[in-house]
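Both backbone and side-chain heavy atoms feed into the values below; hydrogens, waters and symmetry mates do not. Note on naming: letters A, B, ... go to the chains in the order of the sequence lines (proteins, then strands), and numbering restarts at 1 for each one.
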Amino acid sequence: MSMNQENRHVLVANKLLIAMSGLTRWTKRQEGFLYEQHHYNIPKPFLDLKWTKSRIRHLLTLLSHCDDQGIISLVENDMLANYARTSVRSLHNNLRLFESVGLIRYSVHFSGVVTIELIDYLENYRDLFEEADTHRSKTGYTSLWCGMVRQLMDIDHVNILRVALRALVQVERDIHVQSQDKATLTYDEVRGFLPRYCGHRLAVKGMLDQLSRFFNVHLVENTKDFLSALKENAALKRRMHTVTRPLMFHVKLEAQVDSKKIRETERASTLISWFDLREVARDYIDFDRLEVSSSSLQSLSDTYGFTACDEVLRAIRNDFHQYGELLQESDIYQLFFESPILYLNERLRRHTEKLAIA
DNA sequence: GATTAGGGCGCAAAATCCGT
DNA sequence: ACGGATTTTGCGCCCTAATC
């Protein structure tokens, strides 16, 4: 019923994930010093806040429901609080807090319904900056599958949540950007950003164990394996500072929550579905005259998902089967022949709304 | 002006966090 | 593992604003 549906892929600046997980205390590096707050250029309001469990959950909740301008319009408090698994009271407290430090603006419309605006959304929350005519990310952002975010909300212990956020950044870096087959966190790195009191080897191991719900976690705790892992990964070696324990964790995302994989396979399937339509339609019309680029189809796939795209494309295919070239005369298909992507967008939007109500 | 509805806020209990 | 500190939450009072 709510027109605000959850984003399928939730985009979060790495600097936010780092800030929320806690900045590392280990600033010394081989080449000098590295302060995460400067390195990531983390906006001040994010540094000033203490990131408690409910605050992390609420911020992720906002990011999961905002549009590409960082706006969530007319949404029920209950819905947001439920999503974050907190009371409405805490949601209010945090919304007020976020507003007072300049992270958001919000207004209450009528009982229990608010509109929220994330301030400087692109710069602050996505790390995107204008450059020439396009946007560039300085320190990167991570795409999270909505199912993954929902699982994050189920984590009870803040510190496990913190480790999860770091692991996600690392997966983005090592696997998605650097194309390695696994991401690595060392014991010392984990200890660096967690509060001092939970730095014990067993505690850290236990936390990583609990992440195996949505990460594929592999422990490397034997000295020989540790050293050989270090040897074959130059980037890892470079970012090491201290080694107090030969203990590291290889993490991978489970396929069902891997935003990148999901996106890629869905894109490919949507393209195939489009070509199936083409096969049928070109018996009746000059299909290639429509000039639909694969990149716009991919973006439809990202926004609405393969299932919805396929259902709509199938329906169009059936209409071609049934009506053939007569389709060109029909009013409802007029927009399709003038601007196919606009038409598909419109139809997909209605399609997903219908599903939401049902 | 009485009544009511809704949000803010203080209080205190419960849950969690954190330092040792 | 223990205990003080902090966060989260529900309860209920108070204020405001809308309605009759």
Side-chain angles (χ1 to χ4, degrees), chain A residues 1-2 4 16-27 36-37 42 44-65 71-117 119 149-168 185 187-211 213-214 242 244-245 247:
Chain A
M1 241 151 303
S2 152
N4 274 283
L16 277 199
L17 295 172
I18 298 288
M20 290 192 293
S21 75
L23 300 184
T24 188
R25 293 186 302 274
W26 299 113
T27 51
E36 287 180 324
Q37 61 195 91
I42 300 174
K44 190 157 184 309
F46 292 104
L47 293 173
D48 294 343
L49 277 184
K50 179 182 176 186
W51 287 99
T52 64
K53 187 164 67 181
S54 76
R55 291 175 196 165
I56 296 175
R57 288 183 179 185
H58 287 146
L59 196 79
L60 287 176
T61 299
L62 298 185
L63 287 164
S64 300
H65 294 86
I71 293 179
I72 308 172
S73 63
L74 294 172
V75 64
E76 287 169 302
N77 287 328
D78 285 10
M79 193 280 271
L80 293 179
N82 273 339
Y83 187 89
R85 319 236 158 177
T86 67
S87 65
V88 176
R89 171 82 197 264
S90 298
L91 178 73
H92 273 151
N93 284 343
N94 285 334
L95 287 180
R96 270 207 301 277
L97 178 75
F98 289 164
E99 186 171 60
S100 73
V101 296
L103 286 182
I104 66 169
R105 267 187 285 269
Y106 78 105
S107 53
V108 180
H109 295 279
F110 41 89
S111 175
V113 175
V114 289
T115 286
I116 302 168
E117 178 199 349
I119 293 176
V149 179
R150 271 185 251 117
Q151 295 207 46
L152 289 177
M153 299 296 168
D154 283 337
I155 296 178
D156 276 331
H157 299 282
V158 232
N159 294 317
I160 297 176
L161 181 55
R162 289 180 178 140
V163 176
L165 298 181
R166 284 277 174 164
L168 286 166
L185 282 169
Y187 167 75
D188 290 288
E189 284 175 314
V190 174
R191 261 185 46 142
F193 65 82
L194 285 181
R196 287 177 195 278
Y197 71 93
C198 41
H200 291 291
R201 184 185 143 89
L202 272 181
V204 174
K205 256 177 81 172
M207 284 179 207
L208 268 293
D209 274 348
Q210 297 213 43
L211 290 182
R213 262 190 294 166
F214 42 91
T242 355
T244 61
R245 285 245 158 74
L247 175 60

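- Protein atom CD of A:E76 is 12 Å distant from nucleotide atom P of B:dG7, rounded to whole Å.
- A:N93 has its CG atom 13 Å from the C1' atom of B:dC11, to the nearest Å.
- Residues A:N159 and A:G112 each lie close to DNA chain B; by heavy-atom proximity, the contact nearer the 5' end of the strand is made by A:G112.
- Atom-to-atom, CZ of A:F193 to P of B:dC18 comes out at 13 Å; the value is rounded to the nearest Å.
- Between A:W51 and A:F98, the angle of the ring planes lies from 30° to 60°, which puts this pair in the tilted group.
- Rounded to a whole Å, the NE2 atom of A:H157 is 18 Å from the P atom of C:dT7.
- If you measure from atom CG of A:D156 to atom P of B:dA15, you get 12 Å, rounded to the nearest angstrom.
- You'll find that the side chain of A:R89 is closest to B:dG10, out of B:dG10, B:dC17, B:dC18.
- Residue A:V158 is classed as a sugar-phosphate contact, given heavy-atom separations below 4.0 Å to backbone atoms only.
- Looking at which nucleotide of DNA chain B each of A:K50 and A:V113 is closest to, the 5′-most match is held by A:V113.
- What separates CG of A:L91 from P of B:dC9 is a distance of 15 Å, to the nearest Å.
- Comparing atom distances between the A:K53 side chain and each of B:dG8, B:dC17, B:dC18 picks out B:dC17 as nearest.
- Across all strands shown, A:R162 has heavy atoms under 4.0 Å from sugar-phosphate atoms exclusively, and none from any base.
- The nucleotide whose nearest atom lies closest to any side-chain atom of A:R96 is, among B:dC17, C:dT8, B:dG8, B:dG8.
- A:K50 has its side chain within reach of A:R55: a pair of non-hydrogen atoms, C-beta onward, lies under 4.5 Å apart.
- Between A:H92 atom NE2 and C:dT8 atom C1' there is a gap of 15 Å when expressed in whole angstrom units.
- Atom CG of A:L97 and atom P of B:dG8 are 14 Å apart (whole Å).
- Looking at the side chain of A:S87, the nearest of the listed nucleotides B:dT16, B:dG8, C:dG10 is C:dG10.
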